[in-house]
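Note sheet for the following structure.
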There are 2 protein chains.
Amino acid sequence: MSTLHDVALAAGVSDSTVSRALRGMDTVRPKTRQRVAEAAKQLGFTLTRSASSLASGKTMRVVILFDGPVNAWFNANCLQGALEVLAPEGYDLVPVIAMTRPELEDFFAKLPGSGNNMDGLILPSFLLEDSYSQALTSLHIPAVALDTSSTTQLPASIVLDNKGAMYDAVRFLHGLGHRRIGYVEHPSPAPFESSSHLRERYFLEAAKRMGYTDGDVTVFPKQSLVERMPIDEATAEITGRIVSAPNRPTAICVEIDEAAFDIMQRLRVLGIRVPQDMSVVGFDDHEAAALADLTTIHQDPQLMARAAAQKLLTMMRGGTLDEPSTTFRTTLIPRGSTAPPPQDRP
Amino acid sequence: MSTLHDVALAAGVSDSTVSRALRGMDTVRPKTRQRVAEAAKQLGFTLTRSASSLASGKTMRVVILFDGPVNAWFNANCLQGALEVLAPEGYDLVPVIAMTRPELEDFFAKLPGSGNNMDGLILPSFLLEDSYSQALTSLHIPAVALDTSSTTQLPASIVLDNKGAMYDAVRFLHGLGHRRIGYVEHPSPAPFESSSHLRERYFLEAAKRMGYTDGDVTVFPKQSLVERMPIDEATAEITGRIVSAPNRPTAICVEIDEAAFDIMQRLRVLGIRVPQDMSVVGFDDHEAAALADLTTIHQDPQLMARAAAQKLLTMMRGGTLDEPSTTFRTTLIPRGSTAPPPQDRP
DNA sequence: TTGTAGGCGTTATCAT
DNA sequence: ATGATAACGCCTACAA
């Protein structure tokens with residue numbers, strides 16, 4: 001209700017002094033500062049964000065762009081991590097979701113003018129098209145990629161060692177004696193590339209490296225994507241394909257835990273025992289993975305997001321990153337959903 | 001980079017016309033509107049939020065205040081639900097976390113001036129102190145409570161039928177034959193009252209109503225709160241108390257699923273079989289509940305948050321709610337974590 | 001249907 | 001250490 005000017009009158013100083021005092025600038029005499037503080041508290045005064053923003057040019061707003069719901073495990077953890085570092089610095093962290101290609105295009109189409117509307121951008125998950133990442137840098141919008149890939153690198157990024165992770169997984173299954181293995185894509189509704197799709201590539205690469213032939217390795221769904229299908233229908237469909245695959249694998253890697261949980265349950269319903277008949281490896285180490293006794297690959301998106309936010313912070317403040325890109329490694333957590341293949345056991 | 005004025009020049013019209021055209025107001029000739037749209041796109045122009053905000057008085061910013069991390073199941077779902085209705089209307093949804101009492105106090109202390117900084121407020125989980133809810137209404141800040149309780153009701157609220165839920169739970173356990181039952185509080189780190197604590201009260205009330213005596217019903221932790229303790233230590237501690245309780249219950253209700261998962265695992269480790277030795281009922285119907293085969297009480301915070309956001313929307317637009325308070329009911333989902341008590345079985 | 005003019009509440013620059 | 005004075009970019013009467 002009351003403005004900075006009212007505070008100035010009450011404290012018997014000028015507007016500028018109030019502004020300086022309230023923002024903790026150093027050229028204010030302690031006594032004056034205190035008088036101002038009292039007047040402000042007295043009046044219940046708070047700076048108006050939009051006015052400060054307009055005058056200063058800083059919006060104190062960073063957007064985090066997701067390719068799916070914020071209640072998905074990975075996204076919620078990113079949000080929390082970034083919030084933990086940004087909020088104490090006074091930034092708003094605004095989640096924005098672009099689930100469809102038009103939405104994504106729209107977001108980037110509006111980018112040119114958006115410099116006035118955000119101080120920074122965090123991009124988790126997206127496999128960014130080059131034109132987009134270029135636009136970002138040429139518009140001088142501080143942005144950091146969070147487990148995001150693109151040919152044209154952004155100036156800052158947090159990357160997950162997906163390659164190492166998949167090599168670990170394949171090596172692990174190979175060590176258990178599995179000779180027919182499969183990779184299961186997450187039936188994501190997002191119609192554009194997500195960086196987790198990269199894992200498929202590395203899985204195949206690792207398999208080949210370990211001596212698996214094409215016939216030994218299957219990807220589900222193979223080609224005909226299960227698109228635009230409710231997610232559990234898609235999962236059911238995929239589980240069906242796995243079970244009825246001509247050369248059914250004895251072990252599968254699933255792109256994310258949340259999908260693995262579902263698939264495990266469906267396998268059991270179909271009479272396929274895990275791990276006796278089929279080994280399952282997940283990805284994420286979701287809180288429920290221990291509960292489900294799921295062997296999985298641990299990652300910590302909350303931590304990665306903190307790192308991303310930290311980098312963004314220094315960029316927004318005009319600093320230089322001493323390490324533009326930081327890589328996080330994964331850890332394979334062996335649990336009860338994996339075992340040697342059927343024929344190997346007594 | 002370019003301003004509304006630049007667009008006006010390019011389109012050969014006045015600033016106000018551009019403003020009107022861009023915001024879709026009706027008093028603009030289609031042809032003019034199009035010319036403006038083209039000029040805007042051409043220049044990559046986007047309205048500057050802070051300027052619009054300052055001039056119009058609307059911030060297009062609604063904050064959602066949480067008492068814990070946004071990656072908690074309930075919170076993440078609230079966020080997603082509210083986002084789904086607010087984002088399409090152009091609102092930023094800004095998550096703010098107040099985990100400690102000072103943080104909460106600080107938030108409300110700054111409220112008087114905050115009217116200029118937010119158009120609305122969503123309050124999940126808090127057991128609001130009256131002074132706070134009164135401040136909100138007297139400051140005319142549109143706010144809606146989401147499963148939040150306070151003596152002084154806010155003008156709008158979404159309430160969960162916690163009472164009905166707990167009566168269902170007690171009735172269910174009673175029907176299975178349990179004569180000694182327990183209620184397990186969530187070892188929340190938040191030092192202030194959360195509305196889920198209400199459930200404890202209703203549980204006790206229901207138990208009494210069904211004929212349980214004080215000796216038959218135990219609350220964990222009983223009195224000495226497990227405060228300021230890392231959450232899993234607290235859970236371990238609580239599990240220990242349950243197991244070693246003098247008159248150990250044969251069935252427990254746990255305040256939220258996430259805690260129930262943990263407790264179930266610990267019980268098993270301690271050799272207590274679920275449900276043979278101990279029945280467990282959760283609350284939430286978290287995605288992992290099916291996986292854990294946990295009998296639980298279903299609620300849908302995402303849906304509730306949508307409703308909350310909808311109410312907020314009409315309030316922010318000056319409308320009147322035809323139903324200030326909406327109550328959502330719960331459903332008990334029987335699964336494998338509950339069974340008759342030990343002595344009842346052959 | 002469109003244009004004109006004033007003001008929204010701060011910050012920044014330049015004095016003092 | 002503090003004051004005066006322009007911006008900042010848009011919206012909203014009001015006028016035409």
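Everything numeric here is computed off the predicted structure, so don't read it as measured data. Every chain is numbered from 1 and lettered A, B, ... according to where its sequence line falls, protein lines coming before strand lines.
At a threshold of 4.0 angstrom between heavy atoms, the contacts of A:Thr46 are confined to the sugar-phosphate backbone, with no base atom among them. Contact annotation for A:Thr48: backbone-only contact, meaning every heavy-atom pair under 4.0 Å involves sugar-phosphate atoms and none involves a base. Within the nucleic acid shown, B:Leu54 comes within 4.0 Å of at least one base atom, counting heavy atoms only.
Comparing C:dT2, C:dT10, D:dA1 against the side chain of A:Thr32 picks out D:dA1 as the nearest. Listed nucleotides: D:dC11, D:dA1, C:dG9. Nearest to the side chain of B:Leu47: D:dC11. If you check D:dC10, D:dC11, C:dG9 against the side chain of B:Phe45, the one that comes closest is D:dC10. Among D:dC10, C:dG3, C:dT11, the nucleotide with an atom closest to any side-chain atom of B:Thr17 is C:dG3.
Taking side-chain N and O atoms only, A:Ser52 has a distance below 4.0 Å to OP1 or OP2 of C:dT11. Contact check, B:Arg23 against D:dT12: a side-chain N or O comes under 4.0 Å of OP1 or OP2. Listed pair B:Thr27 / C:dT1 fails the phosphate criterion, with no side-chain N or O lying under 4.0 Å from OP1 or OP2. Listed pair B:Arg33 / C:dT2 fails the phosphate criterion, with no side-chain N or O lying under 4.0 Å from OP1 or OP2.
Side-chain N/O atoms of B:Ser16 and B:Ser19 include no donor and acceptor closer than 3.5 Å. Of the N and O atoms on the side chains of B:Ser50 and B:Thr48, not one donor lies less than 3.5 Å from an acceptor on the other residue. Side-chain atoms of A:Gln134 and A:Ser131 form no donor-acceptor pair, as typed in the model, at a separation below 3.5 Å. A donor and an acceptor atom, one from each side chain of A:Ser325 and A:Ser157, are located under 3.5 Å apart. Looking only at atom types and distance, the side chain of A:Ser52 has no donor-acceptor partner in the side chain of A:Lys58 under 3.5 Å away.
Look at NE2 on B:His5: it is 14 Å from C1' on C:dA5, rounded to the nearest Å. Atom-to-atom, CE of A:Met60 to P of C:dT10 comes out at 16 Å; the value is rounded to the nearest Å. Atom CZ in A:Arg49 sits roughly 19 Å away from atom P in D:dG9 (whole-Å rounding). Nucleotide D:dG9 holds its C1' atom 14 Å from the CG atom of B:Leu9, rounded to whole Å. For A:Leu4 and D:dC8, the CG to P distance is 20 Å, given to the nearest whole Å. Going from atom CZ of A:Arg29 over to atom C1' of D:dG3 covers 14 Å, rounded to whole Å. B:Lys58 has its NZ atom 15 Å from the C1' atom of D:dC10, to the nearest Å. Nucleotide D:dG9 holds its C1' atom 15 Å from the CG atom of B:Leu43, rounded to whole Å.
Position along DNA chain C of the nearest nucleotide to B:Ser56 versus B:Asp26 favours B:Asp26 as the more 5'-ward residue. Residue B:Val28 is the one, among B:Asn116 and B:Val28, whose nearest nucleotide of DNA chain C lies closer to the 5' end (criterion: closest heavy atom).
Counting atom types as modelled, A:Ser16 pairs a side-chain N or O with a base atom of D:dA4 as donor and acceptor under 3.5 Å. Between the base of C:dG3 and the side chain of B:Arg20 there is a donor-acceptor pair shorter than 3.5 Å.
By the 4.5 Å heavy-atom criterion applied to side chains, A:Arg29 and A:Arg33 are not counted as neighbours.
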